[in-house]
Protein chains: 2
Amino acid sequence: MKELAELLKMKNLKVTPQRLAIFHMLCNTTEHPSAESIYKSLESLHPTMSLATVYKTLDALKKVDLVQELNVGEDSFRYDAKIHCHPHVICIHCHEVQDLDTDILSDVRERIAHTTEFELVSEKLYFYGICPSCKSIEK
Amino acid sequence: MKELAELLKMKNLKVTPQRLAIFHMLCNTTEHPSAESIYKSLESLHPTMSLATVYKTLDALKKVDLVQELNVGEDSFRYDAKIHCHPHVICIHCHEVQDLDTDILSDVRERIAHTTEFELVSEKLYFYGICPSCKSIEK
DNA sequence: ATAAATGCAAAACCTTTGCACGCCT
DNA sequence: AGGCGTGCAAAGGTTTTGCATTTAT
């Protein structure tokens with residue numbers, strides 16, 4: 001947990017229990033939670049924390065590149081502590097979001113930069129499908 | 001314009017001036033407009049049309065696969081009359097959204113399907129960067 | 001001590017919904 | 001004639017904001 005506090009300090013963010021809790025939660029989940037689910041999951045340990053604080057904290061972490069905001073096409077955003085650009089696979093049944101940590105896009109990226117003459121800075125790739133466990137349930 | 005009416009009929013949607021206007025506008029722009037900008041761009045020709053109708057129409061067109069909804073990471077959705085899955089390039093300065101109509105992802109898609117065991121049904125790929133004209137302005 | 005973060009409530013924003021009216025087929 | 005589409009207004013949900021209080025450095 002200490003490292004997280006250091007990271008926050010390095011980014012000139014004050015270290016508060018709320019920030020640590022949110023950041024810690026995000027670093028230790030593979031769920032890609034929304035602000036609402038972060039709030040709910042911390043409710044028992046931080047009963048006085050408000051949803052506004054969750055949003056403000058996520059915004060602060062986002063600005064210093066400690067978390068990234070995902071827009072998988074739902075009503076609300078999801079958050080990911082891994083800021084390295086990576087594709088995601090989303091199950092259209094159970095809404096699980098999985099990371100793909102490969103850099104499979106590098107050649108595609110180059111080709112696009114070349115044809116569009118854009119100076120590319122980032123990308124978001126979402127694959128939608130049915131995960132193995134939902135596939136087996138369906139049958 | 002006639003073809004558009006035919007398309008609507010084929011999908012069992014009643015042909016109304018509002019629907020034609022919205023569909024026609026979407027088919028003849030490369031702007032990937034939001035509901036709001038569709039509404040504004042039709043204001044002069046259809047002064048009585050309500051924003052709710054725009055949303056309802058887009059929803060109807062979406063359901064019969066005549067338009068697709070894009071979530072490029074802004075507050076609101078954008079709409080595209082091309083329903084074939086294709087990547088987009090978005091300029092982070094002028095917010096222009098360009099289509100990439102290649103199928104550059106096919107090999108990547110296969111690799112992901114193999115490693116995750118997902119049954120993939122669709123994907124969204126957004127590249128973010130600076131477009132040629134914004135690049136030249138910056139200098 | 002100072003500046004920043006929190007928590008609450010209210011506001012803002014986009015989108016959806018309910019319902020009466022009108023139009024298309 | 002019947003049903004679907006429209007328009008208005010209100011509601012819904014997510015996110016942001018203002019402000020007084022508390023907290024971190």
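As the structure is a prediction and not an experimental result, all values here were calculated from the model. Order of the sequence lines sets the chain letters (A, B, ...), proteins ahead of strands, with each chain counted from 1.
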Practice problem: Round to the nearest Å and state the distance from A/L51 atom CG to C/dA11 atom C1'. | Solution: 15 Å
Quiz item: Taking atom C1' of C/dA5 as reference, at what distance in whole Å does atom CZ of A/F23 sit?
Solution: 17 Å
Quiz prompt | Nearest-nucleotide 5' precedence on DNA chain C, A/N12 against B/Y79 | solution = A/N12
Quiz prompt | Integer-rounded Å distance: C/dA4 C1' and A/K11 NZ | solution = 19 Å
Quiz item: Would you say C/dC23 has OP1 or OP2 under 4.0 Å from some side-chain N or O of B/Q18?
Solution: no
Quiz item: side chain to side chain contact (heavy atoms under 4.5 Å, CB included) between B/H32 and B/L70: does it pass, once the steps are laid out?
Solution: CA-CA 8 Å; B/H32 305 78; B/L70 306 183; 3.5 Å; yes
Quiz item: Rounded to whole angstrom units, what separation is found between the NE2 atom of B/H46 and the C1' atom of D/dT6?
Solution: 13 Å
Quiz prompt | Check: C/dG18 base within 3.5 Å donor-acceptor of B/K56 side chain | solution = yes
Self-check item: Test item: side-chain donor near acceptor, A/Q68 and A/Y79, under 3.5 Å
Solution: no
Exercise. Would you indicate which nucleotide in C/dG7, D/dT15, D/dG5 comes nearest to any side-chain atom of B/T16?
Key: D/dG5
Practice problem: Please report, rounded to the nearest Å, how far the P atom of D/dT14 is from the OH atom of A/Y39. | Solution: 13 Å
Quiz prompt | B/R19 side chain, from C-beta outward: closest of D/dT15, D/dT6, C/dC8 | solution = D/dT6
Quiz item: Would you say a side-chain N or O of A/T53 is under 4.0 Å from OP1 or OP2 of C/dG7?
Solution: yes
Quiz item: Whole Å only: how far is the CG atom of A/L42 from the P atom of C/dG7?
Solution: 11 Å
Quiz item: Hey, does the side chain of A/T48 come within less than 4.0 Å of C/dG7's phosphate (OP1/OP2), counting only N and O?
Solution: yes
Quiz item: B/K14 or B/D59: which one's nearest nucleotide on DNA chain C is closer to the 5' end?
Solution: B/D59
Quiz item: Taking only side-chain nitrogens and oxygens of A/Y55, does any of them come within less than 4.0 Å of OP1 or OP2 of D/dT16?
Solution: no
Quiz item: Salt bridge or not for A/D59 and A/K56, using N-O below 4.0 Å?
Solution: no
Quiz prompt | Nearest-Å distance for atom pair CD/C1', residues A/E43 and C/dG7 | solution = 14 Å
Practice problem: For A/K63 and C/dA5, give me the distance from atom NZ to atom P, rounded to whole Å. | Solution: 11 Å
Quiz item: Under 6.0 Å between the ring centres of B/H93 and B/H95?
Solution: no
Exercise. Taking only the side-chain heavy atoms of A/D75 (C-beta and beyond), determine which of D/dC8, D/dT14, D/dG5 contains the nearest atom.
Key: D/dT14
Practice problem: Determine whether the side chains of A/S136 and A/S133 contain a donor N or O and an acceptor N or O closer than 3.5 Å. | Solution: no
